[in-house]
Amino acid sequence: MIPLERERSLAQAQQVIEAFLARQGWSAHIDSTDTGLQGAVCVLHDADGEAIGSGFGKGEREAARVGALYEAVEHVYANASAPQERAELRLASSVFHDSSYVGMPFHAEFGRQGKRRRRRQRKLSCLWYRSFFHDDYELAVPAFLCRPNALADLLPGDNFDYSSVIRYGSNSGTAIGASLEEAAVHALGELVERDSWSLFLVAHYLGDPASFGAWIDPASMPEAVAAVHAAASAQLGREVLLIDATSDLGVPAFIATTDRMVEGEVVYPGGYGASLYAEHAAIRALTELVQTVVVGQRLTSVGDYSRQVLLALSEYPKLRACAYFQVDRERMRHAAWSHPQRERQPPEALLRELVDTLEMGGVPVYHRVHHREGDAFCVVSCVALELERFLLVTTGMVMAPGRRGMALLEGTLMGRKRQNYVA
């Protein structure tokens, strides 16, 4: 059976990636349990035994292990410059005057560093991203924005001062798949998921919790979602809350969290998912919640990181609450499941629908191929700069919402989407 949004069965996917590792001389160590929903951890080693990448996987045991392996390979290529990528220096002023960046929280910095005479003006390394379906549409994206280790691989002549902007960088929108289309579907799903997560944080902790997101009545869940919801609750030993965080864009998105923390946890755990298949999105959120808890129990660094985040935000109570992530369901709307089922479609069709949906919502989409390994797999990065990035506050960063977040607070974002809430 081929999973939704995929082109290969789990067994086929495992065979392809293991054959690739053998050709490279790489080895993988995967840590997982034998039963229950998983939080598998994979560490890749090169032929000399040096660790070169890591990844996490979720869901049932075999799916989690294969997923962790693919994510580790994804990270190897996503964190390195690709021989075929188009990179060039751009004047800070040219980025400042590009309307694509007007809504970004660091936009003014491009203007500040672009005020010098042209010959002495600051320049920064940019990577060219392309439209999926319009060959003449391209966008020069500052490398720091989409590559976490960009400062280690700047172009000669880059003299931009990154001290105030590097914290806004993120690898969101990067994914691996059997083809460009499959990888891009997952990359765009991640961008939508994190936009919805950001909007939920804005509404719940800075505005009106009833204005965005609805707690789903477990009795109304479809059978497949209800089964995973029950399994997650039983495995974690506490109530699991599934929140519908579908935005004005209409792509189903969900958040899963718990009603309480247990010993050893520093913040409330969360899981997130978005997909054109609503049930698939909800299951991704639920299994990621379990993954978050399991990995947190296994790696002490997770708790240490959360403590550092809370400390960094200690002078900003509302922002700290975003990272702490205790959900007040009494102030949220309560909803019955209202998403219809849809027919299975190949990734190529899903990609076209996702891009069209985002662009009709005023969100242009661009992509860049990190690596293409013949017919084995493709690693792709997607950017949709209009989507909200406020979730970065959960990394300990002091920031304000972007344009979509502010529109939500002003009550103008969700007018295009009718939500079927019940009292």
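Source: prediction; values computed, not measured.
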Can you check whether [X] reaches [Y] side chain to side chain, under 4.5 Å on heavy atoms?
| X | Y | answer |
| --- | --- | --- |
| Thr258 | Pro269 | yes |
| Glu239 | Arg329 | yes |
| Arg130 | Tyr137 | no |
| Arg403 | Leu387 | no |
| Met399 | Arg167 | no |
| Tyr101 | Leu139 | yes |
| Leu413 | Leu199 | yes |
| Arg147 | Asn79 | no |

Can a donor-acceptor pair be found between the side chains of [X] and [Y] at a distance below 3.5 Å?
| X | Y | result |
| --- | --- | --- |
| Gln121 | Ser93 | yes |
| Ser179 | Glu7 | yes |
| His339 | Asp244 | yes |
| Glu138 | Ser131 | no |

Quick one: does [X]'s side chain have a donor or acceptor within less than 3.5 Å of a partner on [Y]'s backbone?
| X | Y | answer |
| --- | --- | --- |
| Thr395 | Leu392 | yes |
| Glu190 | Gly173 | yes |
| Ser196 | Ala245 | yes |
| His229 | Leu286 | no |
| Ser306 | Val302 | yes |
| Glu265 | Val262 | yes |
| Arg122 | Asn159 | yes |
| Gln113 | Gly111 | no |
| Glu288 | Gly273 | no |
| Gln12 | Ser9 | yes |

Do you know the tightest heavy-atom contact between [X] and [Y]?
| X | Y | answer |
| --- | --- | --- |
| Pro252 | Thr246 | CA-OG1, 3.4 Å |
| Cys378 | Ala183 | O-CB, 3.5 Å |
| Leu242 | Ala256 | CD1-CB, 4.4 Å |
| Leu276 | Arg342 | O-CD, 3.1 Å |

- Message: Can you see whether Tyr272 has Arg194 sitting over its ring - NZ or CZ less than 6.0 Å from the centre and within 45° of the normal?
- Response: no
| request: Determine, for Phe377 and Arg372, whether the Lys NZ or Arg CZ falls below 6.0 Å from the six-membered ring centre while staying within 45 degrees of the axis. | output: no
**Q.** Verdict with supporting geometry, Glu18 and Arg23, salt bridge (Lys or Arg N to Asp or Glu O under 4.0 Å)
**A.** CA-CA 9 Å; Glu18 288 180 347; Arg23 291 194 300 271; over 6 Å; no
Find the distance between [atom1] ([X]) and [atom2] ([Y]) and round it off to the nearest 0.5 Å.
| X | Y | atom1 | atom2 | answer |
| --- | --- | --- | --- | --- |
| Leu241 | Arg238 | CG | CZ | 11.0 Å |
| Leu188 | Thr357 | CG | OG1 | 10.5 Å |
| Met406 | Leu206 | CE | CG | 9.5 Å |
| Ser381 | His371 | OG | NE2 | 15.5 Å |
| Leu21 | Ser27 | CG | OG | 8.5 Å |
| His107 | Arg112 | NE2 | CZ | 14.0 Å |

Proximity of [X] and [Y] rings by center, below 6.0 Å:
| X | Y | answer |
| --- | --- | --- |
| Trp26 | Phe20 | yes |
| Trp197 | Phe254 | no |
| Tyr168 | Tyr162 | no |

Above 12 or not: heavy atoms from other molecules or residues under 6.0 Å from CD of Glu348? no
Please determine whether the number of non-hydrogen atoms from other residues, nucleotides or ligands lying under 6.0 Å from atom CD of Glu88 exceeds 12.
yes
Name each donor-acceptor pair under 3.5 Å that joins a side chain in residues 50-70 to protein atoms two or more places apart or in another chain, with its distance.
{"from": "Arg61", "atom 1": "NE", "to": "Thr33", "atom 2": "O", "distance (Å)": "3.0"}
{"from": "Arg65", "atom 1": "NH1", "to": "Ser32", "atom 2": "OG", "distance (Å)": "2.9"}
{"from": "Tyr70", "atom 1": "OH", "to": "Ala13", "atom 2": "O", "distance (Å)": "2.6"}

Please determine whether side chain to side chain contact (heavy atoms under 4.5 Å, CB included) holds for the pair Arg389 and Leu145, giving the CA-CA distance in whole Å, both sets of side-chain angles, and the decisive distance to 0.1 Å.
CA-CA 11 Å; Arg389 284 172 165 247; Leu145 193 59; 3.6 Å; yes
Determine all donor-acceptor pairs shorter than 3.5 Å in which one atom belongs to a side chain in residues 314-328; sequence neighbours excluded.
{"from": "Ser314", "atom 1": "OG", "to": "Leu311", "atom 2": "O", "distance (Å)": "2.9"}
{"from": "Gln326", "atom 1": "NE2", "to": "Tyr268", "atom 2": "OH", "distance (Å)": "3.3"}
{"from": "Asp328", "atom 1": "OD1", "to": "Glu330", "atom 2": "N", "distance (Å)": "3.2"}

Please work out whether the ring planes of Phe110 and Phe144 are parallel, tilted or perpendicular, with thresholds of 30° and 60°. tilted
Tested for side chain to side chain contact (heavy atoms under 4.5 Å, CB included) against Cys382, the lone hit among Leu191, Val355, Val185 is Leu191
Given Thr174 and Glu74, is the side chain to side chain donor-acceptor pair (under 3.5 Å) satisfied, shown in steps? CA-CA 8 Å; Thr174 302; Glu74 170 197 314; 5.6 Å; no
### Message
Quick one, Gln291 with Gln38, criterion side chain to side chain donor-acceptor pair (under 3.5 Å). Give me CA distance, side-chain angles, the key distance, then yes/no.
### Response
CA-CA 6 Å; Gln291 172 189 282; Gln38 301 285 309; over 6 Å; no
Inset, instruction - Test salt bridge (Lys or Arg N to Asp or Glu O under 4.0 Å) on Asp195 and Arg404 and set out the steps. - result: CA-CA 9 Å; Asp195 173 77; Arg404 282 173 59 75; 2.9 Å; yes
